[in-house]
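In what follows, residues are counted from 1 in the order of the sequence shown.
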Amino acid sequence: MIVIRNFLDDPDEVLDFSETIPYYDYTKFSSVRFKGLRSENLCDIFPEIIEKIKEETDYEPEQLYLHKHENLKDFKPVPHTDESTTSGVIYLKGSKGCGTIVENRLQEYEFNKLIMYDADLLHQPEGFPEDRLVMTFFCK
């Protein structure tokens with residue numbers, strides 16, 4: 001597990017951008033199901049974030065998305081694995097209760113914190129007690 005606090009140099013730039021793009025449900029993406037809405041792959045839009053992840057972690061994302069969940073107090077996220085080798089999130093909106101559980105260990109929500117983990121480990125969002133926005137990425 002890699003954890004880096006205050007990861008993005010300018011998280012407000014990403015937050016401003018997040019309000020200008022379309023989001024899609026899982027039906028737009030092949031072979032993956034998820035709750036919430038996701039942007040298209042943003043690797044070409046944010047090459048500096050791809051490079052920073054690579055420099056700080058030695059892993060290079062092939063996919064980078066903004067993923068948002070509305071306040072769903074009664075929804076229970078489902079543990080799952082990803083098809084990549086390494087996965088991660090950068091927290092952008094949320095609060096207590098909006099973290100990530102990896103192998104039964106909670107990584108609490110903290111604004112602009114990156115967490116990265118082996119994609120074959122069972123993981124899930126902690127929950128959605130309020131609107132949650134993360135930048136999620138996948139490395140092969």
Worksheet entry | Any donor-acceptor pair under 3.5 Å from Y23 side chain to S18 backbone | yes
Worksheet entry | Six-ring centre of Y109, K96 cation under 6.0 angstrom, axis tolerance 45° | no
Worksheet item: Can you check whether E83's main-chain N or O pairs, donor with acceptor, with D120's side chain at less than 3.5 Å?
Response: no
Worksheet item: Considering all heavy atoms of both residues, which atom of Y91 and which atom of Q107 are nearest to each other, and what is their separation?
Response: OH-O, 3.5 Å
Item to complete: Find out whether the Lys NZ or Arg CZ of K54 is both under 6.0 angstrom from the six-membered ring centre of Y59 and within 45° of the ring's axis.
Response: no
Worksheet entry | Distance-minimising heavy-atom pair for V3 and K113 | CG1-CD, 3.7 Å
Fill in: Which atom of E56 lies closest to which atom of I4, heavy atoms considered
CB-CD1, 3.8 Å
Discussion item. What's the separation between atom CD1 in I2 and atom CD1 in I115, rounded to the nearest 0.5 Å?
Written reply: 11.0 Å
Worksheet item: Of L64, V89, I53, which is the lone residue that meets side chain to side chain contact (heavy atoms under 4.5 Å, CB included) with M135?
Response: L64
Discussion item. Using modelled atom types and a 3.5 Å cut-off, is there a donor and acceptor pairing between side-chain atoms of T136 and backbone atoms of G88?
Written reply: yes
Discussion item. Please check this pair: side chain of D118 against backbone of T86, looking for a donor-acceptor N/O pair closer than 3.5 Å.
Written reply: no
Discussion item. Please give me the minimum heavy-atom distance between K140 and S84, naming the atom from each residue.
Written reply: NZ-CA, 4.1 Å
Worksheet entry | Under 3.5 Å: donor-acceptor pair, side chain of N112, backbone of L8 | yes
Practice prompt. State plainly whether the residues D131 and K68 are in salt-bridge range, i.e. N to O under 4.0 Å.
Written response: no
Worksheet item: Are the side chain of R132 and the backbone N or O of L92 linked by a donor-acceptor pair below 3.5 Å?
Response: no
Worksheet entry | Stepwise side-chain contact (heavy atoms from CB on, under 4.5 Å) check, L37 with H67 | CA-CA 6 Å; L37 300 172; H67 195 135; over 6 Å; no
Worksheet item: Residues two or more places apart in sequence or in another chain: which of them pass side-chain contact (heavy atoms from CB on, under 4.5 Å) with E13?
Response: D10, F46, E48
Discussion item. Whether the side chain of K93 engages the backbone of L15 through a donor-acceptor N/O pair (distance < 3.5 Å, no angle test) should be reported.
Written reply: no
Practice prompt. Can you see which heavy atom on S87 is nearest to which on A119, and at what distance?
Written response: OG-CB, 3.3 Å
Worksheet item: If every non-hydrogen atom of I101 is compared with every non-hydrogen atom of E126, which pair is closest and at what distance?
Response: CD1-CA, 4.2 Å
